Amino acid sequence: MSKNYFKIALRGFAKHKLTFFINLFGLSLGLWAAILIGLWVNSELNVNREFKDLDQIYRVMEHQTYGVDVFTTNSTPGVLAESMKETLSEVEFASTYTWSQTQLFIQKDKRIKLTGIYAMPDLLQIYQFDVAQGDLDRMLTANNHVVLTEKGAISLFGKTDVVGEDVEIRQGTDSKNFIVQGVLKDLKESSSLKFDYILPYALFFRKMNGFLTGEIMVPVPSSN
């Protein structure tokens, strides 16, 4: 029976080659598009899944009006995070953080560029990052603290056991010494956060006079 079906298909192909190739191309294109969409959806659904209590983490967005146009952006006032904690009982933690910046790190004779962010200490509590070295509760609690990822620590020191080590960070003509207060385990590729280091947000806020930056907040879980 199957042999007869095969013969009929071959005869149909011989008679209608153009139609056959059009149908085959359409079917292949449809399958290719379906596979790509499936991979994209799977990738989106797995973003940040390594973080605990993900359903309690929210990004604060802002509507900005320019004439008749309204744009929604994650740029929000730098003072908003602390204000939310003070005025909204539902907010347990709130942290402002910046977009990624590349800065020159100097440790003895080694000079490398690392990409990272400025953030408030609450960012560490919100995401509960896995710690390789140090105490999560003590990180970013002083303006001379810097937190590295394992990748950043190895690039700079050649090891991860670097808590308490000094490092000079230079951006343009500005230079300042910092103490490594913690090392975080490297983030997964599926993480929306990408950084090799974290510096205290207070330094950035002071330098930029409250420049607009991103916000994240975590409401207190419901007791129901």
Side-chain angles (χ1 to χ4, degrees), residues 50-52 57 76-86 91-187 191-218:
E50 70 268 29
F51 298 125
K52 302 173 183 176
I57 301 175
T76 51
V79 297
L80 180 59
E82 290 300 326
S83 177
M84 291 173 63
K85 288 180 65 175
E86 292 174 1
V91 177
E92 183 177 7
F93 299 109
S95 173
T96 303
Y97 67 97
T98 67
W99 291 285
S100 297
Q101 300 186 22
T102 300
Q103 302 194 62
L104 179 65
F105 281 63
I106 303 173
Q107 211 284 321
K108 296 182 179 179
D109 295 331
K110 182 172 286 187
R111 295 168 174 247
I112 63 171
K113 289 185 176 181
L114 297 178
T115 300
I117 59 176
Y118 291 84
M120 292 178 175
D122 272 9
L123 186 73
L124 304 174
Q125 302 299 330
I126 291 170
Y127 282 109
Q128 287 294 305
F129 297 108
D130 291 329
V131 177
Q133 296 287 331
D135 183 351
L136 197 67
D137 293 331
R138 297 182 61 187
M139 298 178 192
L140 301 179
T141 55
N143 286 346
N144 65 339
H145 286 180
V146 61
V147 176
L148 300 173
T149 62
E150 289 178 314
K151 176 184 174 184
I154 292 173
S155 298
L156 189 58
F157 295 94
K159 58 182 181 179
T160 59
D161 186 12
V162 295
V163 172
E165 296 280 358
D166 292 330
V167 60
E168 179 185 352
I169 301 178
R170 186 176 298 173
Q171 186 177 44
T173 59
D174 295 333
S175 180
K176 185 176 175 64
N177 290 327
F178 290 84
I179 298 174
V180 179
Q181 193 65 27
V183 178
L184 305 178
K185 292 185 178 180
D186 290 333
L187 302 176
S191 172
S192 62
L193 291 173
K194 309 290 183 184
F195 58 82
D196 299 316
Y197 69 85
I198 306 177
L199 287 170
Y201 179 76
L203 298 177
F204 180 83
F205 187 79
R206 184 186 306 162
K207 179 171 62 175
M208 302 301 290
N209 281 331
F211 184 74
L212 301 183
T213 52
E215 291 276 347
I216 287 184
M217 65 137 178
V218 179

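Here the structure is a predicted model, which is why all the values come from computation and not from measurement. Each residue takes its place number in the sequence, starting with 1.
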Does the side-chain hydrogen bond (donor to acceptor under 3.5 Å, both in side chains) test come out yes or no for Gln125 and Asp137, once each step is laid out?
CA-CA 8 Å; Gln125 302 299 330; Asp137 293 331; 2.9 Å; yes

Crowding at NZ, Lys110 (>12 non-hydrogen neighbours, <6.0 Å):
yes

Quick one: CD on Gln103 to CD1 on Ile112, what's the gap to the nearest 0.5 Å?
12.5 Å

Yes or no on side-chain contact (heavy atoms from CB on, under 4.5 Å) for Leu114 and Lys151, after CA distance, side-chain angles and deciding distance?
CA-CA 10 Å; Leu114 297 178; Lys151 176 184 174 184; over 6 Å; no

Could you check whether any side-chain heavy atom of Tyr127 comes within less than 4.5 Å of a side-chain heavy atom of Ile57, counting everything from C-beta outward?
yes

What's the separation between atom NZ in Lys176 and atom CG in Leu199, rounded to the nearest 0.5 Å?
10.0 Å

Determine, stepwise, if the pair Phe204 / Ile117 fulfils side-chain contact (heavy atoms from CB on, under 4.5 Å).
CA-CA 10 Å; Phe204 180 83; Ile117 59 176; over 6 Å; no

Got Asp166 and Phe178 here, is their nearest side-chain heavy-atom distance under 4.5 Å?
no

Leu156 side, atom CG; Gln107 side, atom CD - distance, nearest 0.5 Å:
5.5 Å

Those residues at least two apart in sequence (or on a different chain) that pass salt bridge (Lys or Arg N to Asp or Glu O under 4.0 Å) with Arg170 are Glu168

Quick one: closest heavy-atom pair of Asn144 and Asn177, and the distance?
CB-O, 4.3 Å

Checking Leu193, Val146, Leu184, Thr98 against Ile198 for side-chain contact (heavy atoms from CB on, under 4.5 Å), the one that qualifies is Leu184

Between Asp122 (side chain) and Ala94 (backbone), is there a donor-acceptor pair under 3.5 Å?
yes

Would His145 and Met139 count as a side-chain contact (heavy atoms from CB on, under 4.5 Å) here? Give the steps.
CA-CA 7 Å; His145 286 180; Met139 298 178 192; 5.6 Å; no

Can you see which heavy atom on Phe129 is nearest to which on Leu123, and at what distance?
CE1-O, 3.8 Å

Aromatic ring proximity Tyr197/Phe105, centre distance under 6.0 Å
yes

Distance col, row Thr141:OG1 vs Gln181:CD, nearest 0.5 angstrom, shows 6.0 Å

Write down the atom of Phe195, the atom of Gly116, and the distance for their closest heavy-atom approach.
CB-CA, 3.8 Å

For residues Leu140 and Tyr201, determine if any side-chain heavy atom of one lies less than 4.5 Å from a side-chain heavy atom of the other.
no

Check against side-chain hydrogen bond (donor to acceptor under 3.5 Å, both in side chains), Thr102 and Thr115
CA-CA 4 Å; Thr102 300; Thr115 300; 3.0 Å; yes

To the nearest 0.5 angstrom, please state how far the CG atom of Leu148 sits from the OG atom of Ser155.
9.5 Å

Measuring from Leu187:CG to Lys194:NZ, what's the distance to the nearest 0.5 Å?
7.5 Å

Test Val183 against Thr149 for side-chain contact (heavy atoms from CB on, under 4.5 Å), laying out the working first.
CA-CA 5 Å; Val183 178; Thr149 62; 6.0 Å; no

